[in-house]
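Since the model is a prediction, treat every value here as computed from it, not as a measurement. Computation of the quantities below employed the complete heavy-atom set of this structure, encompassing side-chain atoms and omitting hydrogens, waters and symmetry-equivalent molecules.
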Amino acid sequence: ILVLTNSLTGSAFGVYVFVTTLVSVIGTFAQLGTRQSLMKLIPVYDADKRNSIFGLAMATVIAGTVVAAIAVSVAAPALTSYAGGSDLLVQAVRLFAVVMVFETLRRTLTGSFLALERPRYGITIDRIAYPVLRFAAIVVVVLLGGSLLGVAKGILLAATLAMSATAILLVAKTNLRPAKKYLRDVAKDYYGFAGPIMIRQIGMTMYTRSDIILLGFLATNTSVAVYK
């Protein structure tokens with residue numbers, strides 16, 4: 001944040017805060033409680049049903065995030081009309097929607113490491129590797145004189161690399177693979193657990209982020225930047 005506040009204009013940083021917060025809230029809806037469900041259910045199943053739970057979770061989160069990203073992309077002109085509505089801003093919103101997809105997939109995969117009691121992989125990626133990649137991408141963009149759109153592209157690159165590395169590591173270090181053999185057996189348990197988790201996450205996210213969203217719609221971009 002310090003790099004962005006010192007490199008972007010007050011208005012541009014306000015737009016960044018508003019857009020990333022809005023996409024984050026929408027992403028919470030799209031996750032459908034997947035990460036927590038995997039961490040709860042994978043340990044209680046045998047190997048075959050674990051693969052079925054994993055396959056169901058991945059299919060659910062891919063469908064949810066892709067639908068959410070498409071919805072955000074379609075609604076981008078209307079959403080950005082409150083913040084100036086330029087073509088570059090619309091493109092930035094659409095890029096951040098794609099970032100949401102890759103970040104959610106990464107968190108689902110790192111949650112699988114935690115569920116399999118191999119936390120060092122998930123924690124290393126979530127707490128160290130991805131933040132470093134994201135910071136490096138932003139610094140490079142800033143040094144090259146990039147704009148908000150450039151920052152969005154840099155973050156998208158970091159999110160893509162982190163998700164790809166996580167997927168490769170999961171394949172290399174575990175036997176977890178998507179399967180559909182026992183989908184009917186595990187679907188009831190999965191969605192029965194995921195539903196309440198999703199509602200709780202949505203409530204918490206709206207409670208902690210609603211101020212930024214309201215300011216984004218009702219105040220100026222600079223006001224959002226100052227508030228943040």
Side-chain angles (χ1 to χ4, degrees), residues 20 23-24 26-73 94-138 140 151-183 186-187 189-191 193-194 197-198 201:
T20 53
V23 171
S24 174
I26 294 171
T28 301
F29 285 84
Q31 289 177 36
L32 303 173
T34 298
R35 180 182 169 96
Q36 287 74 12
S37 298
L38 283 176
M39 293 170 61
K40 173 70 175 180
L41 297 175
I42 281 181
V44 304
Y45 283 121
D46 59 28
D48 288 337
K49 288 190 175 181
R50 283 180 178 182
N51 288 334
S52 296
I53 278 283
F54 179 65
L56 181 62
M58 291 304 297
T60 300
V61 77
I62 289 172
T65 54
V66 168
V67 168
I70 292 173
V72 171
S73 297
R94 288 170 174 165
L95 286 174
F96 280 118
V98 180
V99 169
M100 173 191 68
V101 175
F102 286 109
E103 287 189 342
T104 305
L105 289 173
R106 188 202 79 248
R107 286 184 54 77
T108 301
L109 295 175
T110 55
S112 300
F113 280 120
L114 300 179
L116 293 170
E117 298 183 352
R118 299 186 182 184
R120 64 183 182 275
Y121 299 119
I123 292 173
T124 299
I125 293 169
D126 283 341
R127 302 288 179 85
I128 300 174
Y130 179 55
V132 169
L133 279 173
R134 183 173 172 133
F135 177 75
I138 291 174
V140 170
V151 170
K153 290 178 179 178
I155 293 175
L156 176 57
L157 176 61
T160 304
L161 291 174
M163 191 279 293
S164 301
T166 307
I168 292 170
L169 192 61
L170 189 73
V171 171
K173 298 296 183 179
T174 75
N175 294 319
L176 204 59
R177 304 289 186 273
K180 59 181 181 180
K181 185 176 181 181
Y182 297 101
L183 281 183
V186 302
D189 288 343
Y190 175 78
Y191 288 116
F193 186 80
I197 291 294
M198 180 186 68
Q201 287 180 329

Revision key, fill the gap. Between the OG atom in S164 and the CG atom in L169, the distance rounded to the nearest 0.5 Å is 12.5 Å
Check your understanding: Atom CD in E103, atom CD1 in I155: separation rounded to 0.5 Å?
Key -> 8.0 Å
Review point. Is a side-chain donor or acceptor of R177 paired with a backbone partner of F54 at a separation under 3.5 angstrom?
Key: no
Check your understanding: How many angstroms lie between atom CE of M100 and atom CG of L105, to the nearest 0.5 angstrom?
Key -> 10.0 Å
Practice item. Would you name the heavy atoms of K49 and D46 that are closest together and state the gap between them? Key: N-OD1, 3.0 Å
Check your understanding: Between T110 and R107, is there a donor-acceptor pair closer than 3.5 Å when you use the side chain of the first and the backbone of the second?
Key -> yes
Point to revise | Shortest non-hydrogen contact between A137 and A158, atoms and distance | key: CB-CB, 4.4 Å
Practice item. Kindly indicate, with the supporting measurements, whether the criterion side chain to side chain contact (heavy atoms under 4.5 Å, CB included) is fulfilled by T104 and R35. Key: CA-CA 9 Å; T104 305; R35 180 182 169 96; over 6 Å; no
Exercise for review: Answer yes or no: does atom CZ of R127 have more than 12 heavy-atom neighbours from other residues, nucleotides or ligands under 6.0 Å?
Suggested key: no
Practice item. Considering non-hydrogen atoms only, spot the tightest contact between M39 and G111 and give its length. Key: CG-O, 3.5 Å
Review point. So, do L41 and V186 sit near enough that their side-chain heavy atoms are less than 4.5 Å apart?
Key: no
Review point. Between I42 and R50, which heavy-atom pair has the shortest distance, and what is it?
Key: O-NE, 2.9 Å
Check your understanding: Looking only at heavy atoms, which two atoms of A97 and A69 are closest? And how far apart?
Key -> O-CB, 3.7 Å
Check your understanding: What distance do Q36 atom CD and L114 atom CG have between them, rounded to the nearest 0.5 Å?
Key -> 10.0 Å
Exercise for review: Working to the nearest 0.5 Å, report the span between OG1 of T166 and CG of D126.
Suggested key: 7.0 Å
Exercise for review: Report yes if some heavy atom in the side chain of L56 is under 4.5 Å from a heavy atom in the side chain of Y191; otherwise report no.
Suggested key: yes
Check your understanding: Are side-chain heavy atoms of M58 and T34 found at a separation under 4.5 Å?
Key -> no
**Study point:** Beyond-backbone contact of F113 with T174, side-chain heavy atoms, under 4.5 angstrom
**Key:** yes
Revision key, fill the gap. Rounded to the nearest 0.5 Å, the CG atom of L170 sits from the OG1 atom of T108 at a distance of 11.0 Å
Practice item. Please report the closest heavy-atom contact between A162 and Y130, naming both atoms and the distance. Key: CB-CD1, 3.5 Å
